[in-house]
Engineer: 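Once you've had a glance at the structure underneath, I'll fire off some questions.
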Amino acid sequence: MKELVILGSTGSIGIQGLEVARKLGIKVTGLTAGKNAKLLEKQAREFKPLYVALSDENMARDLKIRLKDTDIKVLSGEDGICDIAQSTGDTVLSAIVGIAGLKPTISAINAGKTIALANKETMVTGGVIVNRLAKENGVKILPVDSEHSAIFQSLQGTPKGSLKKILLTASGGPFLGKTKDELENVTAKQALKHPNWSMGAKITVDSATLMNKGLEVIEAVHLFGVSESDIEVLIHPQSILHSGIELSDGAVIAQLGTPDMRLPIQYALTYPNRANFFERLSLADIGTLTFCKPDTETFRCLPLCIEAIRKGGLYPTAVNGANEESVRLFLEGKIGFLDIAKLNEMAMLSIKNKADFTVEDIFETDAAARRSVIENSKNVV
């Protein structure tokens with residue numbers, strides 16, 4: 001029986017992770033969130049963890065009062081979240097949105113915890129450092145992103161050295177087939193209408209810009225030890241074939257399933273075993289699966305991410321940090337949809353790159369990229 005900590009339990013992945021834990025009877029020993037004290041309290045009362053934490057210290061003080069009738073210890077701030085990541089549980093589901101997930105995930109790795117990784121920014125910004133620490137501490141990193149889970153599943157049992165190519169699929173988001181002219185005035189409300197997946201606002205916008213796919217290319221480089229040239233991105237609107245691999249003899253192995261994030265969450269939490277409470281996939285009902293190449297001229301975030309990982313160093317951190325800021329501005333109606341890619345590129349080109357870098361360098365670069373977006377956003381509108 002695993003003991004589970006969920007970092008980011010009030011977000012989309014965290015909520016679904018708790019649903020999986022509930023169905024499988026997994027003991028939850030720690031929960032963390034940002035500011036959603038009301039939902040975290042509800043989760044804490046149901047799952048009775050040893051610890052909970054909120055990054056917002058004022059909200060944490062309020063939660064401590066609310067939970068004073070329980071034995072649950074309430075912590076606060078980044079330090080509190082890192083303490084929970086390293087002090088309890090044997091498996092940590094890293095589901096905090098954005099670069100804020102990096103330090104808590106590193107804390108869990110240093111404590112020898114198995115990592116169920118849903119926070120792609122951890123690998124995007126700190127993949128080199130994270131992989132080194134995981135190796136030093138004998139830690140398994142099990143991917144939760146549906147695409148990387150599919151690649152991981154497809155690789156099971158394949159001989160070492162037989163991988164030729166990774167096939168990374170993307171739904172194309174709500175604006176598949178649209179031209180630049182058609183995207184000029186789209187709204188955040190339109191961008192948040194994903195055709196297949198139910199996700200948080202930030203990742204849904206990233207899906208619309210194909211930024212999410214670009215970040216997944218970077219993540220795949222670090223997770224599977226390949227170069228960006230070994231990864232082919234394919235648009236697959238049905239979101240049934242979640243990703244796959246091509247082997248040296250030309251054989252293609254892929255994982256198919258309904259578009260349900262609980263499946264990759266479950267696989268990471270029960271690996272190598274499987275649960276059986278998911279909706280079954282009927283290929284007869286689906287009927288047709290289609291694939292095409294992405295439009296990298298219109299959706300510039302994807303090739304920008306590929307350029308960032310090709311150059312390496314701190315460029316992936318810069319483009320990731322810039323994107324977090326530009327998506328925030330877009331959701332607030334302060335910039336246009338196409339401005340996201342423009343601002344991300346400006347920020348990436350503005351930073352000083354380093355081949356060898358520290359965690360401190362990552363956060364300094366992240367901050368510089370965000371400043372670049374804010375400054376340049378005044379000129380794009």
Engineer: Near K202 NZ, under 6.0 Å, is it more than 12 heavy atoms from other residues, nucleotides or ligands?
Structural biologist: yes
Engineer: Are V128 and I218 co-members of a hydrophobic cluster defined by side-chain heavy atoms under 4.5 Å apart?
Structural biologist: no
Engineer: Any chance you could lay out the side chain to side chain donor-acceptor pair (under 3.5 Å) test for D361 and T358, step after step, and finish with the verdict?
Structural biologist: CA-CA 5 Å; D361 290 327; T358 65; 3.2 Å; yes
Engineer: Salt bridge or not for K42 and E46, using N-O below 4.0 Å?
Structural biologist: no
Engineer: Just do the side chain to side chain donor-acceptor pair (under 3.5 Å) check on T258 and E279 with the steps written out, would you?
Structural biologist: CA-CA 7 Å; T258 57; E279 177 187 352; 4.8 Å; no
Engineer: Could you tell me if K140 sits above the aromatic ring of Y271, with its cationic atom closer than 6.0 Å to the ring centre and no more than 45 degrees from the axis?
Structural biologist: no
Engineer: Decide side chain to side chain donor-acceptor pair (under 3.5 Å) for Q238 and T290; before the verdict, give the C-alpha distance in whole Å, the side-chain angles of both, and the deciding distance to 0.1 Å.
Structural biologist: CA-CA 7 Å; Q238 295 81 21; T290 60; 3.0 Å; yes
Engineer: Could you walk me through whether T125 and E121 pass side chain to side chain donor-acceptor pair (under 3.5 Å), step by step?
Structural biologist: CA-CA 6 Å; T125 63; E121 290 83 1; over 6 Å; no
Engineer: Locate the shortest heavy-atom distance separating V186 from E182; write the atom from each residue and the value.
Structural biologist: CG1-O, 3.5 Å
Engineer: Within this structure, what is the NZ-OG1 distance for the pair K2 and T29, rounded to the nearest 0.5 Å?
Structural biologist: 13.0 Å
Engineer: Do the side chain of N376 and the main chain of S372 share a donor and acceptor less than 3.5 angstrom apart?
Structural biologist: yes
Engineer: If you compare all heavy atoms of A53 against all heavy atoms of S76, which two are closest, and at what distance to 0.1 Å?
Structural biologist: CB-N, 4.4 Å
Engineer: How far apart are the closest heavy atoms of T169 and L241, and which atoms are they?
Structural biologist: OG1-O, 3.0 Å
Engineer: Not counting sequence neighbours, which residues clear side chain to side chain contact (heavy atoms under 4.5 Å, CB included) with L155? List them please.
Structural biologist: I151, T158, L163, F224, I245
Engineer: Would you compute the distance between atom NZ of K342 and atom CD1 of I335 and round it to the nearest 0.5 angstrom?
Structural biologist: 10.0 Å
Engineer: Under the 3.5 angstrom rule, does the side chain of S154 hit a backbone N or O of A150 as a donor-acceptor pair?
Structural biologist: yes
Engineer: Do M346 and L349 belong to the same hydrophobic cluster, where Ile, Leu, Val, Met, Phe, Trp and Tyr are linked whenever their side-chain heavy atoms lie under 4.5 Å apart, directly or via other members?
Structural biologist: yes
Engineer: Just how far is it from atom OG of S326 to atom CG of D339, taken to the nearest 0.5 Å?
Structural biologist: 9.0 Å
Engineer: What is the minimum heavy-atom distance between T122 and G101, and which atoms define it?
Structural biologist: OG1-O, 3.6 Å
Engineer: Can you name the nearest heavy-atom pair linking L210 to F299, along with the distance?
Structural biologist: CD1-CB, 3.7 Å
Engineer: Where is the tightest heavy-atom contact between I253 and L247, given as atom of each residue plus distance?
Structural biologist: CD1-CD1, 3.7 Å
Engineer: If you count the non-hydrogen atoms of other residues, nucleotides and ligands that lie under 6.0 Å from CG in D71, is the total more than 12?
Structural biologist: no
Engineer: Applying side chain to side chain contact (heavy atoms under 4.5 Å, CB included), can you list everything that pairs with K73, at least two apart in sequence or on another chain?
Structural biologist: Y51, L75
Engineer: Can you name the residues that form a side chain to side chain contact (heavy atoms under 4.5 Å, CB included) with V252, not counting sequence neighbours?
Structural biologist: L167, E246
